[in-house]
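What follows is a single structure, written as structure tokens, with notes after it.
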Amino acid sequence: MTKSIKRIVIGLSALLFVIYFTACTNEQADNNISEISAMDTLAMTPPMGWNSWNPFGTGVSEMVIRETADAIVSSGLKDVGFEYIVMDDFWHGGRDSVTGLLYADPEKFPSGIKALSDYVHSKGLKLGIYSDAGTMTCGQMPGSYGYEVEDAQLFADWGIDYLKYDYCFCPDYVSWNNDYRMAIDRYKAMGDALKATGRPIVYSVCEWGPRSPWLWGKEVGAHLWRTSYDVADIWESPRNETSPIGILTAIDATANLGRFVTKGGWNDPDMLVVGLNNTGFIKGGGCNDIEYQSQMSMWCMLSAPLMIGCDVRDMNEATKTILLNKEIIAINQDELGKQGFRVMHKDGIDAWKKPLSGNRVAIAFLNRNSKDEKVTASWEQLELDPETRYDAYDVWEHAAVEHSEGSLSTDLQPHETKVFVLTIE
Ligand code: GAL
């Protein structure tokens with residue numbers, strides 16, 4: 001080979017290498033982009049939906065899920081944003097000893113989960129499922145420990161859009177020594193497995209809070225993480241101790257965690273008990289409609305996921321009024337994605353503030369007391385600029401409210417929450 005031919009051959013090889021290398025790098029970049037877009041752009045506002053646990057517990061079934069999907073559409077809940085229908089514990093039949101695959105209870109789910117997800121999707125809704133990072137779920141059904149990859153793929157193949165992942169039957173769950181590292185590893189194993197399926201699946205960590213999941217939730221790929229034990233149908237419980245706790249107790253457990261919230265990573269003080277009226281699976285004594293309205297108000301102020309926990313096939317008017325209020329939901333879903341924080345906590349009255357897009361701010365007054373109260377808060381107390389003039393709008397009355405310059409006043413019934421949107425005049 002002459003020198004010049006050699007040069008041409010070397011030059012061509014180098015060119016081919018560069019073309020090949022660039023193609024590989026682009027492919028990798030594309031893969032990365034698709035990975036990012038599949039999971040990381042999910043739940044940019046707090047997820048909204050329904051979960052079977054509070055109303056049905058062990059009685060979840062295909063019929064319940066289908067009828068719930070129908071009711072979410074016919075009641076208008078879909079139109080205001082409720083989207084995910086989540087089957088909680090007790091959907092399981094078992095784990096096949098030969099294939100190692102989970103299967104649904106054939107009596108409760110005669111058509112199987114794939115057919116069910118097709119049905120839910122045909123209604124323009126999404127389907128969620130429940131599993132556990134330990135060997136068994138809290139209801140002692142098979143857990144996903146050691147089967148993370150297989151279960152994530154099965155859920156994806158079934159067309160699942162949301163996974164609630166519990167923490168019963170992990171070794172430190174039994175010993176109560178709160179091993180953070182173990183929790184992170186187990187939740188990351190499932191987070192990675194979900195990501196590897198390529199299907200966008202909202203990932204909900206249900207560790208209840210003792211291992212501070214707000215510190216590592218994003219790291220394991222989660223979009224939301226529980227900050228409290230289970231909320232029962234009661235207003236208040238003594239402390240954030242193991243279930244059940246009250247609405248007010250869950251609010252307090254989440255109050256100071258706002259700095260960990262990002263768009264796509266939300267604090268989850270558990271599901272709504274609105275409309276349960278001491279029926280269903282989880283009881284507690286029942287709340288009144290003022291208390292249910294307070295839960296909805298405060299979950300919206302906290303940018304909490306809004307997972308309905310009552311039987312939506314049979315809602316009374318008060319429940320519908322609470323759950324279908326677009327104006328309070330708009331506060332929850334506001335594009336700024338900021339969790340509200342407490343600016344006043346005095347004599348049993350809380351004032352909360354949540355920055356909203358468009359230079360607006362939501363203010364909530366919560367009466368923790370069991371008697372009527374009158375509250376007046378100045379712009380200074382609400383940490384607002386004292387010189388600014390605001391229009392105030394009451395999102396439960398659906399009306400503008402008059403107020404004196406530089407302050408806002410309102411009357412509150414026992415356990416009532418009122419929410420106002422302030423807009424610069
Ligand atoms: C609990 C969880 C509840 C529900 C229940 C099912 O650990 O906090 O929300 O999922 O398990 O057994």
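Counting starts at 1 for both ligands and their atoms, in listed order.
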Problem set entry | Test applied, side chain to side chain contact (heavy atoms under 4.5 Å, CB included); reference residue, Leu276; option that passes from Ile282, Asp311, Thr319 | Ile282

Side-chain atoms of residues 214-222: list all donor-acceptor pairs with protein atoms under 3.5 Å, sequence neighbours left out, distances to 0.1 Å.
| residue | atom | partner | partner atom | Å |
| --- | --- | --- | --- | --- |
| Trp216 | NE1 | Arg211 | O | 2.7 |
| Trp216 | NE1 | Ser212 | O | 3.4 |
| Lys218 | NZ | Gly264 | O | 3.1 |

Problem set entry | Ring geometry between Tyr130 and His92 (parallel below 30°, tilted from 30 to 60°, perpendicular above 60°) |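 His92 vs Tyr130 ring planes: perpendicular.
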
For this session: Taking the six-membered ring for Trp and the full ring for Phe, Tyr or His, determine whether the centres of Trp379 and Tyr390 are under 6.0 Å apart.
Result: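 Ring centroids of Trp379 and Tyr390 are less than 6.0 Å from each other.
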
Exercise. Given Lys320 and Ser75, is the side-chain hydrogen bond (donor to acceptor under 3.5 Å, both in side chains) satisfied, shown in steps?
Worked result: CA-CA 8 Å; Lys320 286 188 202 159; Ser75 61; over 6 Å; no

For this session: Measure from NZ or CZ of Arg186 to the centre of the six-membered ring of Tyr167, then state whether that distance is under 6.0 Å and the direction lies within 45° of the axis.
Result: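 Relative to the ring axis of Tyr167, which defines the angle, Arg186 lies outside at least one limit.
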
Show me the short polar-atom pairs for ligand 1: any N or O of it lying under 3.5 Å from a protein N or O, with distances only.
| residue | atom | partner | partner atom | Å |
| --- | --- | --- | --- | --- |
| ligand 1 | 7 (O) | Asp166 | OD1 | 3.2 |
| ligand 1 | 7 (O) | Asp166 | OD2 | 2.8 |
| ligand 1 | 7 (O) | Trp208 | NE1 | 3.1 |
| ligand 1 | 8 (O) | Trp208 | NE1 | 3.1 |
| ligand 1 | 8 (O) | Arg226 | NH1 | 3.4 |
| ligand 1 | 8 (O) | Arg226 | NH2 | 3.3 |
| ligand 1 | 8 (O) | Asp230 | OD1 | 2.5 |
| ligand 1 | 8 (O) | Asp230 | OD2 | 3.4 |
| ligand 1 | 9 (O) | Lys164 | NZ | 2.8 |
| ligand 1 | 9 (O) | Arg226 | NH1 | 3.4 |
| ligand 1 | 10 (O) | Asp88 | OD1 | 2.7 |
| ligand 1 | 10 (O) | Asp88 | OD2 | 3.3 |
| ligand 1 | 10 (O) | Lys164 | NZ | 3.1 |
| ligand 1 | 11 (O) | Asp166 | OD2 | 2.9 |
| ligand 1 | 12 (O) | Asp89 | OD2 | 2.8 |

